[in-house]
Amino acid sequence: MTAVHAISLKIPAGTYCCLLGPSGCGKTSTLRMIAGHESISSGDVLLGDTVVTDLPPARRGTAMMFQSYALFPHLDLVDNVAFSLKMKGVEKEERRTKAMEMLRLMQLEGYASRRPAQLSGGQQQRVALARALITDPEALLLDEPLSALDPFLKIRMRAELKKLQTTLGITFVHVTHSQEEAMALADLIVVMNDGRIEQAAPPRVVFERPATAFVARFMGDHNVVSGRAVESTLDTVTLEVAGGGRFTAKGTPVEAGEPVDIAVRTDYVRLGAGETEGLGFNGIVSNVEYRGSSVKLSVTGAGIEDFTAILSDADFFANPVKVGDAVPLSWRADDAIVLGRIPH
């Protein structure tokens with residue numbers, strides 16, 4: 001079985017890059033190939049202009065921070081952080097000085113003589129970061145570094161990671177399955193699915209213009225409507241879904257009869273009839289979820305299961321609806337886009 005298919009990705013120096021996707025999509029295998037912990041059956045890994053494909057991990061100019069932190073329980077923080085320098089034969093005094101510098105950077109100098117078991121999860125994570133960064137890597141590789149932390153600490157550590165990357169100016173490659181984490185941290189999001197890259201772009205592009213139906217669904221902010229093309233103009237496509245509904249979206253022409261997917265942002269859907277055919281439908285409310293500043297409405301109709309509208313609380317309560325009500329939904333012409341398809 002192939003873990004990662006022929007992927008091609010260039011990460012600019014000094015970028016915070018997040019590899020994002022569901023479990024088993026190949027993101028950790030990709031990270032381990034960059035690190036040298038996984039061998040490559042074909043292709044090359046370059047760091048700058050240097051081909052590092054056959055180099056051992058310690059000689060690649062990368063450092064890896066593992067999900068489990070992998071700290072040594074019997075060593076204090078200074079020796080934990082200095083360990084890789086010890087392996088390289090650096091003198092004790094020099095490596096301890098460098099380790100204290102790193103602990104200062106992580107605001108942990110006051111804990112230098114403690115063992116990992118005497119620290120909180122967030123502090124252990126900072127020790128693991130210090131240990132990875134002590135070798136002055138060109139790229140720091142992080143495998144789901146925030147997954148073990150509680151929600152509040154996650155958000156705080158997210159801010160610290162971003163600040164650290166900006167301060168150090170080195171490339172971070174961070175594996176996560178959290179859309180929110182990737183959006184908050186990355187300059188470049190690489191959405192992976194089934195061992196392939198579906199889209200590699202800045203967060204705003206991924207959010208506003210998902211490349212494929214998978215990206216639109218995975219990011220969770222778009223309704224995806226799938227059907228067959230019935231007609232195309234220069235920049236619009238009309239499709240028909242199995243239940244008979246017809247919808248129009250902006251995009252490259254598609255041959256009549258070909259399968260086509262379109263996406264409509266959930267927060268662009270309005271309650272009320274549209275002026276143009278193909279930019280809305282009538283349906284039945286199947287669920288109403290109050291979220292404080294917004295209300296999530298699920299609607300079924302026109303051959304579409306579970307279409308979502310996110311309304312502001314003010315808009316919703318000015319004209320509230322309940323489960324079982326028949327409602328018209330609509331959106332503007334610019335709010336529906338044709339999605340691409342990756343050949344598998």
Side-chain angles (χ1 to χ4, degrees), residues 22 179 191 193-194 198-199 206-291 294-312 315-316 319-344:
Q179 298 88 335
V191 184
N193 174 35
D194 200 17
E198 297 262 342
Q199 187 170 14
V206 173
F207 183 79
E208 298 206 339
R209 300 204 72 79
T212 64
F214 175 82
V215 177
R217 286 194 182 101
F218 188 75
M219 295 311 288
D221 49 41
H222 284 80
N223 292 294
V224 176
V225 179
S226 299
R228 298 213 167 260
V230 285
E231 57 184 85
S232 293
T233 65
L234 274 177
D235 62 346
T236 66
V237 175
T238 301
L239 81 154
E240 192 169 82
V241 298
R246 281 195 172 204
F247 300 94
T248 301
K250 296 259 167 150
T252 317
V254 177
E255 290 282 315
E258 285 292 307
V260 63
D261 305 309
I262 69 166
V264 183
R265 270 243 315 253
T266 53
D267 56 339
Y268 287 168
V269 181
R270 293 192 303 269
L271 206 50
E275 291 152 31
T276 317
E277 205 184 335
L279 298 174
F281 67 96
N282 294 326
I284 304 292
V285 177
S286 56
N287 195 29
V288 178
E289 210 174 86
Y290 177 60
R291 297 177 160 195
S294 65
V295 177
K296 178 184 173 185
L297 216 57
S298 300
V299 176
T300 302
I304 300 173
E305 295 284 320
D306 207 21
F307 194 90
T308 302
I310 305 284
L311 309 171
S312 75
D315 286 351
F316 177 81
N319 181 22
V321 295
K322 59 186 188 303
V323 172
D325 284 358
V327 294
L329 296 180
S330 61
W331 49 89
R332 295 178 315 134
D334 289 345
D335 297 340
I337 58 169
V338 176
L339 299 167
R341 285 183 167 232
I342 286 184
H344 279 236

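Throughout, numbering of the chain's residues begins at 1 and tracks the sequence.
Of all heavy-atom pairs between T248 and T236, the closest is CG2-CB, 4.1 Å. Considering all non-hydrogen atoms of both residues, G257 and R228 come closest at O-NH1, 2.9 Å. Closest heavy-atom contact between A216 and A263: CB-CB, 4.4 Å. The two atoms that bring T252 and V237 nearest to each other are O-CG2, 3.3 Å, heavy atoms only. When all heavy atoms of G272 and S330 are compared, the closest pair comes out as O-OG, 2.8 Å.
L279 pairs by the side-chain contact (heavy atoms from CB on, under 4.5 Å) definition with T276, W331, A333, not counting sequence neighbours.
At a threshold of 4.0 Å, the pair D334-K250 counts as salt-bridged, since one of the basic side-chain nitrogens sits closer than that to a carboxylate oxygen. With respect to E240 and R246, a salt bridge is recorded, a charged nitrogen being found less than 4.0 Å from a carboxylate O.
When side chains are defined from C-beta on, F316 does not count as touching Y290, because their heavy atoms never get closer than 4.5 Å. Annotation: side chain of L339 is in contact with side chain of P210 (closest heavy-atom distance under 4.5 Å). Proximity of N287 to L297: side-chain heavy atoms (C-beta onward) are nowhere separated by under 4.5 Å. Using a 4.5 Å cut-off on side-chain heavy atoms (C-beta onward), R209 and I337 make contact. Between I262 and V224, every side-chain heavy-atom pair lies at or beyond the 4.5 Å cut-off. A heavy-atom distance below 4.5 Å is not found between the side chains of D325 and I284. Looking at V321 and L271, their side chains come closer than 4.5 Å, going by heavy atoms from C-beta outward. For the pair N193/F218, no side-chain contact is recorded, criterion being any heavy-atom separation below 4.5 Å from C-beta on.
When atom types are taken as modelled, the side chain of R265 and the backbone of H222 share no donor-acceptor pair closer than 3.5 angstrom.
Among the candidates V254, D261, V260, the single residue satisfying the side chain to side chain contact (heavy atoms under 4.5 Å, CB included) test with R341 is D261.
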Problem - Audit row: E231, T238, side-chain hydrogen bond (donor to acceptor under 3.5 Å, both in side chains) steps and yes/no - result: CA-CA 5 Å; E231 57 184 85; T238 301; 4.6 Å; no
Handout entry: Evaluation steps, side-chain contact (heavy atoms from CB on, under 4.5 Å), between V327 and N282
Key = CA-CA 6 Å; V327 294; N282 294 326; over 6 Å; no
Practice task
Show the numbers, then the answer: is there a side-chain contact (heavy atoms from CB on, under 4.5 Å) between V295 and V288?
Solution key: CA-CA 7 Å; V295 177; V288 178; 3.8 Å; yes
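Under a cut-off of 6.0 angstrom, the local environment of CD in E277 is sparse, with at most 12 non-hydrogen atoms contributed by other residues, nucleotides or ligands.
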For residues 299-312, dump all side-chain donor-acceptor pairs below 3.5 Å to protein atoms at least two apart in sequence or in another chain.
residue, atom, partner, partner atom, Å
S312, OG, D315, N, 3.1
S312, OG, D315, OD2, 3.4

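Rounding to the nearest 0.5 angstrom, the gap separating the CE atom in M219 from the CD atom in Q199 is 9.0 Å.
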